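This report concerns only the one structure given below.
It should be emphasised that the depicted structure is a prediction, and the values quoted were computed from it without experimental measurement.
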Amino acid sequence: MRKVDIRSMVESVVREVIQTMKMEKEKEKVGKVLFIFCDSTAHEAFADQFIRLKNANIGYDLLFLDGETSSWLGMQRVESTGSERIIAADDYSPAAIELAKDYDGIIIPEIDIDNAARVVQGLKGTIKSEVIFSALVLGKFILIGADTPGIKRADRRVLNTLNLPLPLKKRYEEYVKFMTGLEIVFKPQINFADSILQRFQQKINEKKALKGSGGEAAAVESGNTQDISRENVIFSKKLLTPDWIQAQVHFPNCTVYLKQGTIISPLAKDLLKEKKLTVKFFKRDE
């Protein structure tokens, strides 16, 4: 008779239960962002901001890049261990370029002239440039510290200097201007939590509106309806078109919630009447 490894079986069951609990917890989050820090102490100044994010039900992961060499892609693998956890290097984890898939936004408190140049030229080769590249391609928002000196923390320690020389500083400022054109947002590090909360305010407002309406609804993001309810749908874009109406599987037995100020095209109005859909408006929170 084959022996059963009780310890392995218990461990497997416990892992499965914990993973299920994590997944349920993630579903409750308004959203999730990834912070990329230059070393394992750089996050300490953000403790209060993390509290604000947690209180707003926004998840966050931390990725630490200790030292000069760790900013380069070595194993080309990084692993996310879950919301409000630390990301570690691992041979079997997803590649750096895949990281942005799991987050709504990427937060980089400091970017140096090397990584800035790579982003501007469309190059990869470092973890930061690779994550930024994938975030841009996937349409995720990117927030970078506006008060960064453009020189790595490790370089500042080794060279015992805090700033780039004037010619390199000017070049770095040119890179920043170009990245701003890519819709990468630069804000002072102290204002990161405010900027992140503003990004997620739309989702927060929608949840409040649903509670105020007395029923659940399916949030519609980027034109796709999430299958939450078959009775109500929230349209979150600025222009309602007939193409969107025809694409919905929930119709015709539902109420469409629109934010005040939403523009309804003439053909969309006709289609709403044709399908006998109920339309309700809710106010934006200021």
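- In summary, D114 and R118 engage in a salt bridge, as defined by a charged side-chain N under 4.0 Å from a carboxylate O.
- The hydrophobic clustering, which links ILVMFWY residues whose side-chain heavy atoms are closer than 4.5 Å, places V185 and F46 together.
- By the 6.0 Å contact criterion, CD on E44 is enclosed, its count of non-hydrogen atoms from other residues, nucleotides or ligands being greater than 12.
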- request: Go through the steps to decide whether V119 and I184 satisfy the test side chain to side chain contact (heavy atoms under 4.5 Å, CB included), and finish with yes or no.
  value: CA-CA 11 Å; V119 172; I184 296 176; 4.2 Å; yes
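- Counting heavy atoms from C-beta outward, L53 and Q49 have side chains that stay 4.5 Å or more apart.
- Ring-plane geometry between F35 and F50 is classed as perpendicular, the angle between the planes exceeding 60 degrees on a 0 to 90 degree scale with a lower cut at 30.
- Hydrophobic clustering of Ile, Leu, Val, Met, Phe, Trp and Tyr side chains at less than 4.5 Å, counting indirect connections, keeps L267 apart from I263.
- I190 and I51 end up in different hydrophobic clusters when Ile, Leu, Val, Met, Phe, Trp and Tyr side chains are linked at under 4.5 Å.
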- prompt: Would L63 and L99 satisfy side chain to side chain contact (heavy atoms under 4.5 Å, CB included), going step by step from the backbone distance to the final call?
  reply: CA-CA 10 Å; L63 170 58; L99 267 182; 4.1 Å; yes
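- Residue K152 holds its NZ atom at 10.0 Å from CD1 of I113, rounded to the nearest 0.5 Å.
- The distance from the CD1 atom of I132 to the CD1 atom of I36 is 7.0 Å, given to the nearest 0.5 Å.
- Every residue two or more places apart in sequence or in another chain was checked for a salt bridge (charged side-chain N to carboxylate O under 4.0 Å, His left out) with D270, and none qualifies.
- Using a 4.5 Å cut-off on side-chain heavy atoms (C-beta onward), L272 and I264 make contact.
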Going by atom type alone, with no hydrogens or angles, which donor-acceptor pairs under 3.5 Å involve a side-chain atom of residues 134-151 and a protein atom two or more places apart or on another chain?
from : atom 1 : to   : atom 2 : distance (Å)
S134 : OG     : I97  : O      : 3.2
S134 : OG     : E130 : O      : 3.3
S134 : OG     : V131 : O      : 2.9
K140 : NZ     : A100 : O      : 2.7
K140 : NZ     : K101 : O      : 3.3
K140 : NZ     : Y103 : O      : 2.7
D147 : OD1    : Q189 : N      : 3.4
D147 : OD2    : Q189 : N      : 3.4
T148 : OG1    : I111 : O      : 3.4

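- Note: R156 CZ to E110 CD = 4.5 Å, rounded to the nearest 0.5 Å.
- In this structure, L34 is not a member of the same hydrophobic cluster as F133, with clusters built from ILVMFWY side-chain heavy atoms closer than 4.5 Å.
- Rounding to the nearest 0.5 angstrom, the gap separating the CZ atom in F178 from the CD atom in Q121 is 7.5 Å.
- The main-chain N or O of V33 is never found under 3.5 Å from a side-chain atom of D104 such that the two would form a donor-acceptor pair.
- Scanning for salt bridge (charged side-chain N to carboxylate O under 4.0 Å, His left out) contacts around E174 gives R171, with sequence neighbours left out.
- Closest of all the heavy-atom pairs between D112 and N115 is OD2-ND2, 2.8 Å.
- Within the 4.5 Å cutoff, the side chain of I58 has no heavy atoms near those of the Y60 side chain.
- Here I106 contributes atom CD1 and D61 contributes atom CG; the two are 9.5 Å apart, rounded to the nearest 0.5 Å.
- Around atom CG of N160, no more than 12 heavy atoms belonging to other residues, nucleotides or ligands sit under 6.0 Å away.
- Across P109 and F37, no two heavy atoms sit closer than the pair CG-CE2, 3.5 Å.
- Expressed to the nearest 0.5 Å, how far CG of D194 lies from CG of L197 amounts to 6.5 Å.
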